[in-house]
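Structure first, then comments.
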Amino acid sequence: MPAEPSTLSPWGLPGMFFVAMLAGSVVPVPSEAMLAALIYNGTPPVMATVVATVGNVLGAITLYILGQWVSRGGGGAVGRWVSRRREKEGPRMARVEANLRTWGAPALLMSWLPILGDAFVLAGGFVGVRPFPFVVFVTLGKGLRYAFVALSTTAAM
């Protein structure tokens, strides 16, 4: 039975890309729900998973760049907001940064986690993870999450 028209799925793959990109930044949007709705309504799971992953990774790259920018003293009002959030999150952010310093880019596999994953991505910019390893490990982490959602949705149909 197809999902109701009120779901996000009528936006199709371009909508999936946009929603996943927002979800990869700090905007809390239901990218997993949209992925499931698209698959449920007939979009090929592999295609939907790739589009969601690419969009989500591009959103994460914006956080990474913001982290780099703020760590260098930039960012204006946004930089001040990020710095305040970083101070507010104190112990959690310190643990995330310590994990990144200890484990390096492979710690970014944790970027798939809700809320805490954003901290890993932002901290990647703060601690200076190089761009290529950043993209590789964030793509693996986020891609595996979307693949799990796609497989679960397909199995439930």
Side-chain angles (χ1 to χ4, degrees), residues 1-71 78 82 85 89 92-93 95-157:
M1 174 164 100
E4 293 295 317
S6 62
T7 65
L8 295 170
S9 63
W11 292 9
L13 290 173
M16 178 76 257
F17 178 84
F18 180 70
V19 167
M21 192 165 129
L22 287 176
S25 66
V26 293
V27 181
V29 290
S31 62
E32 293 87 357
M34 184 168 179
L35 177 64
L38 281 173
I39 292 169
Y40 189 74
N41 283 321
T43 302
V46 172
M47 185 183 303
T49 301
V50 168
V51 168
T53 301
V54 169
N56 205 256
V57 169
L58 287 177
I61 289 171
T62 64
L63 276 180
Y64 170 77
I65 291 169
L66 181 63
Q68 286 184 325
W69 193 22
V70 171
S71 74
V78 174
V82 169
R85 286 292 297 176
E89 296 292 329
R92 181 176 13 179
M93 223 23 214
R95 280 192 308 270
V96 168
E97 288 178 24
N99 284 333
L100 276 167
R101 285 190 178 96
T102 301
W103 297 102
L108 291 165
L109 287 170
M110 304 305 287
S111 65
W112 69 271
L113 292 168
I115 301 168
L116 188 59
D118 291 342
F120 270 95
V121 169
L122 195 57
F126 284 136
V127 302
V129 173
R130 291 178 317 184
F132 183 74
F134 173 86
V135 169
V136 168
F137 286 105
V138 167
T139 301
L140 281 171
K142 292 177 178 287
L144 289 172
R145 175 191 63 205
Y146 283 124
F148 177 77
V149 171
L151 287 171
S152 299
T153 302
T154 305
M157 292 173 40

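Residues: numbered from 1 along the sequence shown.
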Item to check | Spatial distance of atom CE (Met34) from atom CG (Leu13) [nearest 0.5 Å] | outcome: 8.0 Å

Of all the heavy-atom pairs spanning [X] and [Y], show the shortest one and how long it is.
X	Y	value
Gly143	Thr53	CA-OG1, 3.5 Å
Ala48	Thr43	CB-CG2, 3.9 Å
Lys142	Ala60	CE-CB, 3.8 Å
Thr49	Ala150	OG1-CB, 3.2 Å
Leu35	Ala52	CD1-CB, 4.5 Å

Item to check | Pairs flagged by ring pair (Phe, Tyr, Trp, His ring centres under 6.0 Å) wherever residues 116-145 is involved - sequence neighbours left out | outcome: Tyr64-Phe134

Checklist entry - Should Val54 and Leu58 be marked as a side-chain contact (heavy atoms from CB on, under 4.5 Å) after you check the CA-CA gap, both sets of side-chain angles, and the distance that decides it? => result CA-CA 6 Å; Val54 169; Leu58 287 177; 4.3 Å; yes

When the side chains of residues 102-113 are checked against the rest of the protein, which donor-acceptor pairs come out under 3.5 Å, sequence neighbours left out?
| from | atom 1 | to | atom 2 | distance (Å) |
| --- | --- | --- | --- | --- |
| Thr102 | OG1 | Ala98 | O | 2.9 |
| Ser111 | OG | Leu108 | O | 2.9 |

Checklist entry - Which residue pairs satisfy the side chain to side chain donor-acceptor pair (under 3.5 Å) criterion with at least one member in residues 146-157, sequence neighbours excluded? => result Ser31-Tyr146, Asn56-Tyr146

